[in-house]
Amino acid sequence: MAFFSSFQITASALTAHRLWLDTIVDNIANANTTRTPAGGTYNRKDVIFEEILEAKAGFKGGGVRVSQIVEDTKTPYRYVFNPNHPDADPNTGLVKYPNVNINDEIVNLLAAQRAYEANVTVFNTAKAMYAKALELSR
């Protein structure tokens with residue numbers, strides 16, 4: 001393991017968690033979007049993480065990255081009766097809203113925030129350790 005690999009691992013986690021935060025914010029921002037440019041109702045998105053393996057080091061961990069962003073197709077859409085809405089079904093008067101649950105998104109947002117903060121703490125601790133090691137070598 002290289003001397004500065006802890007910085008690389010932490011940086012990869014910070015990048016992955018920032019993308020997770022961006023995805024959650026996108027879900028919250030589109031919680032009431034009934035019409036997207038692609039057509040249809042907005043669909044909730046989620047990130048999938050994967051570990052980065054270093055083959056040279058005997059497959060030791062090299063950090064984390066987002067392997068893909070997937071749309072949630074299992075959670076059902078919300079239907080609200082509002083016949084005056086422009087996207088309401090003309091027969092039933094129901095409007096199809098995204099499958100975004102704000103409470104779940106807030107919980108995910110707090111988890112992503114805590115993970116991001118933990119990685120910042122790891123980065124700052126490693127930086128302080130390296131600085132102290134340099135100071136001791138003088």
Side-chain angles (χ1 to χ4, degrees):
M1 183 174 274
F3 186 69
F4 293 107
S5 64
S6 62
F7 290 137
Q8 292 171 341
I9 292 170
T10 305
S12 71
L14 288 171
T15 303
H17 286 110
R18 170 132 192 257
L19 184 57
W20 187 21
L21 285 167
D22 289 345
T23 304
I24 293 168
V25 169
D26 194 35
N27 287 337
I28 292 172
N30 289 299
N32 291 318
T33 302
T34 58
R35 189 181 311 167
T36 63
T41 305
Y42 178 80
N43 213 0
R44 181 183 175 279
K45 294 178 178 62
D46 204 0
V47 295
I48 305 291
F49 294 105
E50 73 177 3
E51 183 181 2
I52 301 170
L53 297 176
E54 292 181 3
K56 295 176 185 173
F59 294 105
K60 291 183 179 176
V64 67
R65 68 176 163 226
V66 173
S67 64
Q68 59 182 332
I69 297 175
V70 296
E71 288 191 354
D72 182 6
T73 56
K74 295 179 181 174
T75 306
Y77 293 103
R78 290 181 295 129
Y79 289 92
V80 176
F81 181 73
N82 186 0
N84 296 327
H85 194 281
D87 292 329
D89 186 301
N91 298 326
T92 62
L94 294 175
V95 179
K96 184 174 152 185
Y97 282 96
N99 54 357
V100 176
N101 183 332
I102 294 295
N103 295 330
D104 291 344
E105 296 301 325
I106 295 296
V107 169
N108 289 337
L109 186 68
L110 291 174
Q113 179 187 4
R114 297 287 186 250
Y116 191 89
E117 289 172 355
N119 281 294
V120 169
T121 301
V122 168
F123 185 86
N124 287 334
T125 302
K127 186 174 72 175
M129 287 173 39
Y130 293 138
K132 196 69 171 177
L134 287 173
E135 185 180 308
L136 290 174
S137 66
R138 289 184 189 169

Colleague: Check side chain to side chain contact (heavy atoms under 4.5 Å, CB included) between T92 and all other residues, then give those that pass, not counting sequence neighbours.
Modeller: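 Only D89, L94 meet the side chain to side chain contact (heavy atoms under 4.5 Å, CB included) criterion with T92.
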
Colleague: Partners of R35 by side-chain hydrogen bond (donor to acceptor under 3.5 Å, both in side chains), sequence neighbours excluded?
Modeller: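 If we apply the side-chain hydrogen bond (donor to acceptor under 3.5 Å, both in side chains) test to R35, skipping adjacent residues, the hits are D87.
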
Colleague: Going by the rule side-chain hydrogen bond (donor to acceptor under 3.5 Å, both in side chains), which residues pair with N32 if we only count those two or more places apart in sequence or in a different chain?
Modeller: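 Expected list: R78.
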
Colleague: Should the pair Y130 and F7 be assigned to parallel (<30°), tilted (30 to 60°) or perpendicular (>60°) ring geometry?
Modeller: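 Taking F7 first and then Y130, their aromatic rings stand perpendicular (interplane angle over 60°).
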
Colleague: Checking side chain to side chain donor-acceptor pair (under 3.5 Å) against Y42, which of N27, T34, T36 comes through?
Modeller: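 Only match with Y42 under side chain to side chain donor-acceptor pair (under 3.5 Å): N27.
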
Colleague: Once salt bridge (Lys or Arg N to Asp or Glu O under 4.0 Å) is applied, do any residues pair with K74, and if so which ones, sequence neighbours excluded?
Modeller: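 K74 satisfies salt bridge (Lys or Arg N to Asp or Glu O under 4.0 Å) with no residue once adjacent residues are dropped.
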
Colleague: Taking all non-hydrogen atoms of both residues into account, name the closest pair between A115 and N119 and its distance.
Modeller: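 The answer is O-ND2, 2.9 Å.
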
Colleague: Test: salt bridge (charged side-chain N to carboxylate O under 4.0 Å, His left out). Region: residues 103-119. Which pairs qualify, not counting sequence neighbours?
Modeller: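 The answer is R44-E105, R114-E117.
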
Colleague: For the side chain to side chain contact (heavy atoms under 4.5 Å, CB included) test, which of V25, V66, D46 pairs with W20?
Modeller: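 When V25, V66, D46 are each tested with W20, the side chain to side chain contact (heavy atoms under 4.5 Å, CB included) holds only for D46.
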
Colleague: Check side-chain hydrogen bond (donor to acceptor under 3.5 Å, both in side chains) between T33 and all other residues, then give those that pass, not counting sequence neighbours.
Modeller: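 By the side-chain hydrogen bond (donor to acceptor under 3.5 Å, both in side chains) rule, T33 matches N30.
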
Colleague: Please walk me through it: do V95 and Y79 pass side chain to side chain contact (heavy atoms under 4.5 Å, CB included)?
Modeller: CA-CA 5 Å; V95 179; Y79 289 92; over 6 Å; no

Colleague: Among D72, I69, V100, whose side chain to side chain contact (heavy atoms under 4.5 Å, CB included) with K45 holds?
Modeller: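 When D72, I69, V100 are each tested with K45, the side chain to side chain contact (heavy atoms under 4.5 Å, CB included) holds only for I69.
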
